[in-house]
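Only one structure is covered here, and it is reproduced in the block below.
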2 protein chains.
Amino acid sequence: MARAKYKQIVDFYKKYITENKLSDGELLPSESKVANKFDFSRDTVRRALDQLEKDDVVYRQRGRGTFYKDSKNKVKEKKIAVITTYLSNYIFPNIISGIEEVVSSKYYTMTLANTDNDPNKERKHLRKVIDNGVDGLIIEPTKSAIDTHNMDLYRELKEKNIPFVMLNAYYRELNPSYAIVNDYKGGYKATQYLLQLGHKNIAGIFKEDDLQGVFRLKGFKKALNDYGIDSESADVGTYITSQISSYPYHWMDKMLSHQDQPTAVVCYNDEIAVDVVKAIIDKGLKVPEDISVVSFDDSILATATNVRLTSVRHPKEDLGRHAARLLFNMIEIGVEKPRFLYDPELVVRDSCKELRRR
Amino acid sequence: MARAKYKQIVDFYKKYITENKLSDGELLPSESKVANKFDFSRDTVRRALDQLEKDDVVYRQRGRGTFYKDSKNKVKEKKIAVITTYLSNYIFPNIISGIEEVVSSKYYTMTLANTDNDPNKERKHLRKVIDNGVDGLIIEPTKSAIDTHNMDLYRELKEKNIPFVMLNAYYRELNPSYAIVNDYKGGYKATQYLLQLGHKNIAGIFKEDDLQGVFRLKGFKKALNDYGIDSESADVGTYITSQISSYPYHWMDKMLSHQDQPTAVVCYNDEIAVDVVKAIIDKGLKVPEDISVVSFDDSILATATNVRLTSVRHPKEDLGRHAARLLFNMIEIGVEKPRFLYDPELVVRDSCKELRRR
DNA sequence: TTAGTTTATTTGTATGTACCTTTAAATTTA
DNA sequence: TAAATTTAAAGGTACATACAAATAAACTAA
């Protein structure tokens, strides 16, 4: 069967509704009339009306007829989900605020969840999102550099055509839509700045279980190499999420015991920088007089501390806004792979000192 | 017709499902078998299955059969809405994080919106929440002390039996469920602390368009009176939301030009305290040596600043958690008016000095 | 053993016919 | 004129029949 007859009738009724600009409650041609018109059996017409009734386009009343049921009474608010690693601290409130700003300007609501950078929690929330049905998803992946064991669920998102935008980091193999900061360039610029101030012995501390850290480290090494310093000889500390509370302080403390103490440190982000600065001060040294520090994200911590930190800007609210807009482009216009890549600059403050050229 | 035949078949299938304790996806007797069994036409059986399919009890696959669709797969996730004045700054991320923690431990999702303390935005979001249907709402009212022009919508919430919990402040006339801090006591304790340190000339700056500010001011005055100081003679500055960016600094600046300069200031919250401290420092004075400062909320600002602030504790995450739990008690157990009133204590840090008794 | 083919079973589409129930309008009656 | 009755039209239920399309199991050939 090329095309079911009853579907022709469905189309006929739909066309009738649009062409005659019917409004809510208006009468449609009766079953028998349409059956005669097409020379189909009345049962075929009924089958079509069954379909339309199921689809909530018409309602029927015995003895009266079949009536158009206007869809404007059933506009469903659309829902998007936002899953980030954290909610309440650091730059995340700003990112979320940016998303909310865009979301609530449309007829959408957003649901929030956080993973604490735990892939199991991420899995739970992804499952929930898929099973429950959302119109779109903004997600910051957990441990994006090492752990991809929720890849199956990400693929399920794609199979079920649930539009999603990856935030802050993305899995290359998924070839997804994303809104991220160019961390490689950020790492390069931060390090380049120190090099231009005359620093040669530059240490770095980076998180290695998310892609932001991996790329920042790559940029760090590239800058060193470009300025004639073997990046392999540089002191680099790496840590993972679970070590976050103790590692940075102790690593810096150890660095300061070296005979060949670094003159500058590149820190994964402002949170780490705060610990690093504390370790420096506790050793009786000063920032930037003895040690220069640069970090990332330009968060509230960068200015709240005693030494205002020189930090690579993170767009925060703006990244959130962009992520939301990308998602809307996918949902409403059907844009395939919209992307936003932010090229960060360095915000220079008081935590770095120029070395006299030797 | 006494009873439609197809309804007998509907009942037969329903009975079959319960008696054989079918679980999701199990096969049901085929159309023709049932038709033969009852000696009805197959079309009548189909009519019954159409009904069951419409009711989401079965699904059919051509060539395979008709299968039971277990309803436990259709449990709808419940939805609660959270409306706060702000999202991304100050103590709000913590409050929201506390709510989220409780919400996501259950099979709930939460939607977020913020009002910027603007009653019009509040109205928009309330309208959305009511029209769209949520299972519950946590809301921090805007300008709770002066503006109640969304009272009609709050009443609509009650009429439609949508459970809601008011956060941080509440409208007494609604007699609602709430999770708040006892700001009166907080105001009293903060002021009492200064009085006990020997301060007699104490100024205060309070926000007057929300109830937190009104109650904190009341507690402030009560403490003064209890210690034999006429609260009417005290220097009190009040401001509203729109003046927040300029008023506190200038007010403090003016205070310091008085011939009878205060020795201590009670500030509405840490944000204000930061501006007040800045005004003091800009005059060449020091905290706490010249002027003592206490504030409210014990936020990140209280410790991030140069002078660590003595501040009245706000439970933040815990308040969020409590608000969410109260709401669940209303939704799931039907508790009538669950309430949480936090009795705050003062966190003593470095911003106050003891005066020698004269 | 494996790959393709056939067959039986199941649901999906379609037609024709018959009669029932509800509704609203037309007609009749008091 | 107002109330009661009749009638036409609409959708609702039911049966018989036929063939189409999808699926899974049984069968067959390489």
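Numbers restart at 1 for each chain; the letters A, B, ... are given by sequence-line order, proteins then strands. Computed over heavy atoms, backbone and side chain alike; hydrogens, waters and symmetry mates excluded.
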(message) Parallel, tilted or perpendicular: which one describes the rings of A:Y154 and A:Y171, with boundaries at 30° and 60°?
(response) perpendicular
In whole Å, what is the span from the [atom1] atom of [X] to the [atom2] atom of [N]?
X	N	atom1	atom2	value
B:R60	D:dA20	CZ	P	21 Å
A:Q51	C:dA14	CD	C1'	16 Å
A:R47	C:dA14	CZ	P	7 Å
A:R62	D:dA9	CZ	C1'	13 Å
A:L49	C:dT13	CG	P	15 Å
B:Y59	C:dT10	OH	P	16 Å
A:L28	D:dA9	CG	C1'	16 Å
B:E31	C:dG12	CD	P	6 Å

(message) Using salt bridge (charged side-chain N to carboxylate O under 4.0 Å, His left out), reason through B:D152 and B:R123 one step at a time and then give a plain yes or no.
(response) CA-CA 10 Å; B:D152 55 332; B:R123 189 168 190 85; 2.7 Å; yes
(request) Tell me, please, whether A:F38 has A:K5 positioned over its six-membered ring: NZ or CZ under 6.0 Å from the ring centre and within 45 degrees of its axis? (result) no
(message) With rounding to the nearest 0.5 angstrom, report the CG to CD1 distance, B:L167 to B:I99.
(response) 6.0 Å
(message) Do the side chains of A:R321 and A:D318 get close enough for a salt bridge, i.e. N-O under 4.0 angstrom?
(response) yes
Does [N] have OP1 or OP2 sitting under 4.0 Å from an N or O in the side chain of [X]?
X	N	value
A:R46	D:dG11	no
B:T66	C:dT11	yes
B:K5	D:dC15	yes

(request) Could you check A:R64 against B:L27 and say which one's nearest nucleotide on DNA chain C is further toward the 5' end? (result) B:L27
(request) Taking side-chain hydrogen bond (donor to acceptor under 3.5 Å, both in side chains) as the test, write out the residues that go with A:E53, two or more places apart. (result) A:R60
(message) Can you list, in residue-number order, the parts of residues 32-45 of chain A that come under 4.0 Å of DNA chain C, counting heavy atoms only?
(response) A:F40, A:S41, A:D43, A:T44
(message) For a quick check under 3.5 Å, do B:E100 and B:S97 share a side-chain donor-acceptor pair by atom type?
(response) no
